[in-house]
Every structure is written in structure tokens, then in C-alpha cells.
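Take a look at the structure below.
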Number of protein chains: 2
Amino acid sequence: MNPVNLKQLAQELNLSVSTVSRALSDSYEISATTKAKVQELARQLGYEPNPYASSLRRQKSKTIGVVIPEVANNFFSLAINGIEEVARENDYHVLIYLTHDDAAQEATIVQHLASGRVDGLLASVAGATQDFTHFGKLQARRTPMVFFDRVCEEFATAKITTDDYQSGYQATQHLLEAGCRHIAHLLISDRLSIGQKRLQGYHDALQAHGFTPDPTLLLHGTSDKDRNQTLVQELLQQNPAIDGIFASVETLAMSSYLACRQLGRRIPEDVKIISFSNLEIADLLDPPLTTIAQPAYEMGREAARILFKAILKNRPILPTQSQELKSKLIKRRSTAVL
Amino acid sequence: MNPVNLKQLAQELNLSVSTVSRALSDSYEISATTKAKVQELARQLGYEPNPYASSLRRQKSKTIGVVIPEVANNFFSLAINGIEEVARENDYHVLIYLTHDDAAQEATIVQHLASGRVDGLLASVAGATQDFTHFGKLQARRTPMVFFDRVCEEFATAKITTDDYQSGYQATQHLLEAGCRHIAHLLISDRLSIGQKRLQGYHDALQAHGFTPDPTLLLHGTSDKDRNQTLVQELLQQNPAIDGIFASVETLAMSSYLACRQLGRRIPEDVKIISFSNLEIADLLDPPLTTIAQPAYEMGREAARILFKAILKNRPILPTQSQELKSKLIKRRSTAVL
DNA sequence: CTGTTAGCGCGTTCAG
DNA sequence: CTGAACGCGCTAACAG
């Protein structure tokens with residue numbers, strides 16, 4: 001069965017192509033009878049309009065792009081869930097691209113997207129990204145863009161994050177109130193603003209409580225989980241006084257759990273752990289992980305919503321549309337941190 | 001900055017559009033000097049070919065579709081990883097669609113895809129899907145299609161799965177050898193062939209060891225995790241003799257862990273658990289989960305590879321290209337199932 | 001209410 | 001080696 005197009009429908013019905021086109025888009029200037037006839041035949045033959053012809057003509061792709069570091073990650077998969085849902089509500093398609101946290105790949109991808117392939121872009125930047133000219137190309141083309149979570153501060157566009165500074169502050173305060181005196185911080189990346197903000201919250205909370213941040217208690221995470229576990233183990237061994245860990249991302253909390261088990265450090269009696277993390281995983285751990293729960297799904301939805309407002313109204317996105325969604329500190333029962 | 005097109009490049013250089021087009025595609029019939037000039041200007045102006053014009057003309061979208069039940073799932077996110085990677089290697093784009101395990105949504109999506117939007121489709125069907133005519137439409141259009149994991153048996157096309165029957169058999173045998181006498185099976189869906197095969201393996205292993213499968217030990221999972229936990233708890237309470245659980249998917253294993261903890265059943269002393277699951281999660285649990293590890297990433301890659309062979313050679317996919325990838329039974333140290 | 005015409009931007013004849 | 005012309009399938013302006 002050949003793909004059927006407007007021309008074939010038109011011939012079959014002795015109508016012009018444009019009439020058929022209008023009938024299918026339910027135009028007001030077509031009689032009810034021909035509309036019915038056209039739509040009936042279209043249904044019968046299983047007509048599906050060629051999206052690329054349509055895109056070319058209307059200069060709209062009905063597609064958005066999502067550029068993220070990885071998908072095998074609770075936060076991002078939940079976010080995609082929200083994004084896909086909003087896209088569907090708006091009758092849009094979703095192209096997905098993984099950077100594997102590599103700045104060069106990210107540049108290639110975004111560069112390529114400056115071709116009209118997408119009407120808008122949602123992005124969470126790679127940790128190592130320094131040069132942001134590729135995003136500039138998109139902006140020059142007036143393609144709306146919203147950053148979420150791993151945002152790019154130097155860009156004048158909307159950004160959806162969690163209240164990273166406050167969360168970092170609260171997390172640290174929580175550990176302090178639970179009696180911790182030597183709190184390590186596991187940083188995701190010194191380049192990412194979310195890392196900086198969480199770190200700043202950690203610093204300020206320590207100082208507000210009369211402690212001086214100890215740089216030897218700061219660990220820079222890598223992209224290799226096994227390596228992270230080793231690093232945490234070394235950190236714990238070199239600083240036996242550590243009685244609290246604030247991990248900036250879920251995977252670093254996981255490595256901490258494994259490291260503690262490996263070293264026979266009891267959680268939470270010897271070491272209390274708190275982390276940004278998905279609730280389900282946190283609950284599954286034994287003892288459950290005290291969590292700063294990010295509303296990942298909602299962040300995806302919100303970022304997409306802002307993007308679609310711009311796309312559909314054909315208006316540039318203002319940086320003032322940025323938002324910080326609130327995360328929730330979830331103290332788990334048996335964690336005994338409380 | 002306006003999107004620059006061939007026409008503009010041509011005017012700027014006093015060349016014809018077709019020459020420019022050929023120069024950019026590095027055609028042999030263009031002089032080296034003009035090629036250089038054209039490519040230089042294109043680079044300077046940041047020319048990106050309009051993909052939709054190109055698609056329309058060449059009748060190729062350079063895009064594949066991926067239809068899956070959900071993305072917030074270890075198996076699927078790893079699979080997407082593999083798929084995206086192979087797509088990139090072939091310079092293809094990936095459209096993603098989530099069915100939320102809903103047959104009607106799946107039908108709408110796939111139906112819509114029968115429009116030339118994608119050159120090929122990778123799909124893992126929704127549990128409740130009964131009517132497969134939507135996939136038929138794609139096949140009628142000769143759009144290559146590969147099913148993976150949750151495959152659709154009644155379709156004559158390639159399918160990538162794990163060795164579900166054997167794995168189910170081995171898992172059950174493993175529990176039997178560890179001394180279990182009352183093994184429950186948590187089924188993902190009675191409609192999905194993977195569920196059926198795993199169940200069959202379970203049955204056959206029981207019988208081969210002289211046991212009669214007890215239908216009251218069979219639990220049908222739902223899509224609601226909390227509900228699943230409740231169901232498992234009820235199952236354990238109604239059948240106090242249960243000393244082993246074989247879960248057909250990771251999320252059911254998670255619910256089992258939580259249920260056991262809730263009821264104070266010790267793992268593995270009172271109840272031994274084995275499940276299809278991602279290794280990372282399995283290791284994180286305490287005690288670690290004995291796992292049938294599916295090569296999710298490899299399955300994604302393999303499915304995509306087969307798809308691209310068909311797309312690039314413009315040949316239909318034969319059902320004989322189906323494969324069963326081997327899963328690995330991973331006995332975790334302290335699980336003591338061993 | 002319907003048909004005719006003219007592109008959207010690109011690739012591919014066919015001529016020269 | 002280069003240019004002119006056509007059409008992929010669809011939508012939109014303009015006629016009638």
C-alpha cells in the first residue's frame with residue numbers, strides 16, 4: 001500500500017487538491033457535504049498528511065528537542081516524562097539527544113538543531129561545557145529555549161531549577177541539628193551552577209552555625225560510579241571524623257552507601273547521609289535515605305509549559321520567566337537522622 | 001539573524017543554487033576551488049540545511065521513532081541509551097513516545113507515525129495491547145519495525161528479547177536449589193509474551209523438580225507500585241509458607257523488598273527473592289538482590305542495528321532476524337540465596 | 001463554496 | 001564543470 005497523498009484523494013473525488021486540504025483541516029469555507037465525503041475517503045484510505053511537507057510550508061516543525069546529559073538517571077527520566085506529556089498535550093513531537101556530559105557532543109547536537117528541525121529546545125547542559133556559542137546560534141535564530149536543572153547562567157532565557165541554595169543550606173543544617181560535626185560534601189561538578197549553589201548553601205549553613213568549612217571534606221564527583229565509590233571510601237578513611245555526608249546528586253549518595261557498607265560504617269549511627277534524590281530509591285535503601293526530593297516531573301512539565309507559551313505565541317522567552325521550584329526535605333522514619 | 005539557505009549562498013557567490021547544493025554535498029562534478037569557496041561561506045554564515053525540505057525531496061526523514069511504555073524505568077532508559085547511540089552513529093534522529101502502557105495511546109501514536117515521519121520504528125508494546133492493526137499500517141507502508149523486550153508475537157518482523165523462558169526456568173531452579181519449597185511468582189502481565197514465557201519457565205522448573213505449580217502463588221502485578229506492595233503483603237500473609245519469590249520485573253522485586261520489611265520477613269532467611277533487574281539497583285539493596293540481569297543497553301543497540309540495516313539497505317525486515325540475547329544470573333554475595 | 005497558482009528549500013534530472 | 005527547470009506534498013493568497 002502506497003502512502004496516499006492529497007493529490008490522490010483529490011483525483012478520486014474529482015476535487016482540487018486545495019479543497020481536499022481545506023476539507024481535512026475543517027475549514028469554514030467548505031460545504032458540510034464535501035467535508036464529509038473527503039474525510040470519509042481519507043479515513044478509508046488511511047490518509048496521513050506528510051509532516052515534512054507541512055513543516056516546510058508552514059515553517060513549523062511541531063517538534064521540540066530535548067538535550068540532556070543522560071537518560072539512565074532518575075531525575076532526567078522523570079523530567080522527560082513531564083516533558084513528553086506536555087508536548088503531547090500540545091500535539092508536539094519530542095526529539096531526544098544525549099550528550100553523555102560531553103561538551104563537544106553537546107555543541108555538535110545543538111549546532112545541528114539550529115536548522116529549523118525543532119521549534120524549541122529544552123536543555124540541561126553538560127558539566128564541562130564552557131563555551132556556549134552553540135546555544136547562541138539557536139538564540140540568533142530566535143528558537144525558544146528553556147534550560148532546566150543544569151542551567152547555563154550566562155544565557156538570557158528562562159531557567160527552571162530547584163531552590164538549590166536553600167536546599168543545600170537546609171540539608172547541611174539538618175545534619176548539624178542531628179549532631180554531625182564533620183560534614184563532607186560530595187560535589188557534582190564545580191562548573192555547574194547547581195553545584196555551586198548547593199555548595200554555597202553548605203558553606204553558609206556551616207558558618208551560620210559557627211563552623212569553618214573544611215576544604216578537605218569536599219569531594220569532586222566523577223562520571224564513573226565505581227570510581228566515586230572508591231573516592232568516598234578514601235575520603236572516609238582519610239577523615240575518620242566524618243559523621244555526615246551531604247551528596248549533591250543521587251548517584252553520589254548511592255556510592256556513599258556502598259562505601260559505608262564496604263568500610264563497615266553504620267548508617268546513620270556512624271555516618272548520616274542526606275542527598276538530592278528520587279523518593280522511590282531513597283525508600284528502597286536500608287536504612288532509607290533522608291532526601292531532598294526534587295520535583296523532577298514537575299520541572300519537566302514547567303520547563304515545557306514555558307517553552308510552549310513562547311512557541312505558540314511566537315514570542316521570545318524572557319529570563320524573567322525563570323523559576324525555582326521548591327524541593328522537599330523528606331526525613332525518613334528509621335533513618336534516625338531525626 | 002535569518003536562517004540562511006542555499007539561495008542566499010548562491011546569490012552571495014554569483015553561483016546557481018544547484019552548484020552550491022552540489023558543492024556542499026561534495027559532488028565530484030564541482031571544481032575544488034568553488035567547493036572551497038562555497039564551503040567557506042557556508043561555514044561563515046552558519047548555514048544549516050533545512051532538514052524538512054531535504055526530507056521532502058529525498059523521501060527520507062533521517063529519523064526513527066521509539067515507542068515504549070515508560071522512560072522512568074531502568075530497563076527502558078538503558079535501552080534508549082543504546083538506541084540513541086546507534087542512531088547517532090548512523091546520523092539519525094530519535095523521536096520518543098511514551099504509551100504509559102495504554103493500548104489506545106499506543107494506537108494513536110503508531111497510527112500517526114504512519115505518515116513518513118520516521119524511517120523506522122522501535123517498539124516495546126503496551127501490556128494491554130490486544131489489537132495490533134496500528135502496527136499493520138506501518139508495515140503496509142513498508143516502514144521497518146523492530147520490537148524489543150515487550151514484543152508482539154503475531155507480527156512478522158524482527159524481535160529482540162532476552163531468553164525469557166530459560167531465565168524463568170533458571171531463576172526458579174535457583175530458588176529450588178537454595179531450598180525454597182513455596183515459590184511465588186510475580187507476573188508482569190498475562191498478555192505480554194515475555195510474561196508468559198517467564199511464567200512457563202517457572203512452571204516447567206517446578207514440575208521438573210517434582211513440584212506442582214500452585215495457582216494461589218501467582219500474583220498479577222499492576223501499574224501502581226504502592227498497590228503492588230499491598231498485593232505482595234497480602235500474598236505473603238495469606239500464604240505464610242512462601243519462602244521464595246520470583247519477580248518478573250524490577251519494580252515487583254522492589255515492592256517485595258518493601259513488603260517483606262513491612263511484615264518483618266527477613267531476606268533471605270525467611271524469603272529469598274530473585275528478579276529480572278538492573279545490576280546497580282540490585283547491588284544497592286540490602287541484602288543485594290539476586291538478579292537476572294538483562295543486557296538492556298545491548299538490546300537497545302541490537303534492535304537499532306537491525307533496524308538500520310533495513311533502513312539503509314531499503315530492505316524489509318525478516319522475522320528470522322530476531323534474537324534472544326542472553327541474560328546473566330548474578331548471585332550476590334551476602335544474599336545467601338546461594 | 002471551490003479551483004488556480006505560487007511557493008516553502010532542497011536534490012536531481014537534463015542541457016550546455 | 002555549471003545553470004535552468006522541475007517537483008517532493010502541502011498550505012495560502014487570490015480569483016471567481
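Per chain, numbering begins at 1; letters A, B, ... match sequence-line order.
Residue Ser189(A) comes nearest to Leu192(A) through the heavy atom pair OG-N, 3.4 Å, listed as atom of the first residue, atom of the second, then distance. Closest heavy-atom contact between Thr161(A) and Asp149(A): CG2-O, 3.8 Å.
Taking atom CD on Glu48(B) and atom P on dG9(C), their separation rounds to 15 Å, with Å as the unit. Rounded to a whole Å, the CG atom of Asn50(B) is 18 Å from the P atom of dG7(C). Atom-to-atom, NZ of Lys7(A) to C1' of dG3(C) comes out at 16 Å; the value is rounded to the nearest Å. To the nearest angstrom, P of dC1(D) lies 14 Å from NZ of Lys37(B). Between the CD atom of Gln11(A) and the P atom of dG9(D) there is a distance of 12 Å, rounded to whole Å. Rounding to whole angstrom units, CG of residue Leu24(A) and P of dC1(C) are separated by 17 Å. Note: NZ (Lys60(B)) to C1' (dG9(D)) measures 18 Å, nearest angstrom. dT2(C) atom P lies 7 Å from atom CG of Leu15(A), rounded to whole Å.
Between His112(A) and His93(B), the ring planes lie tilted relative to each other; the angle falls in the 30° to 60° range.
Side-chain polar atoms of Tyr47(A) and Asn5(A) form no donor-acceptor pair below 3.5 angstrom.
Side-chain N/O atoms of Ser55(B) include none lying less than 4.0 angstrom from OP1 or OP2 on dC10(C). In terms of phosphate contacts, Gln8(B) brings no side-chain nitrogen or oxygen within less than 4.0 Å of OP1 or OP2 of dG9(C).
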Fill in: Evaluation steps, side-chain contact (heavy atoms from CB on, under 4.5 Å), between Val110(A) and Leu138(A)
CA-CA 8 Å; Val110(A) 173; Leu138(A) 267 193; 4.0 Å; yes

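In this structure, Asn14(B) and Ala53(A) both approach DNA chain D, and ranking their closest nucleotides by distance from the 5' end singles out Asn14(B). Each of Leu56(B) and Ala32(B) was matched to the nucleotide of DNA chain D holding its nearest heavy atom; the match closer to the 5' end belongs to Ala32(B).
Within the 4.5 Å cutoff, the side chain of Arg301(B) has no heavy atoms near those of the Ile83(B) side chain. A heavy-atom distance below 4.5 Å is not found between the side chains of Glu324(A) and Lys159(A).
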Discussion item. One character per nucleotide, please: for nucleotides 11-16 of chain C, 5' to 3', B when the base has a protein heavy atom closer than 4.0 Å, S when only the sugar-phosphate does, - otherwise.
Written reply: BBBB--

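The residue Thr34(B) sits close only to the backbone: its heavy atoms come under 4.0 Å of sugar-phosphate atoms, none of a base.
Checking dG9(C), dT4(C), dT2(D) against the side-chain heavy atoms of Ser16(A) singles out dT4(C) as nearest.
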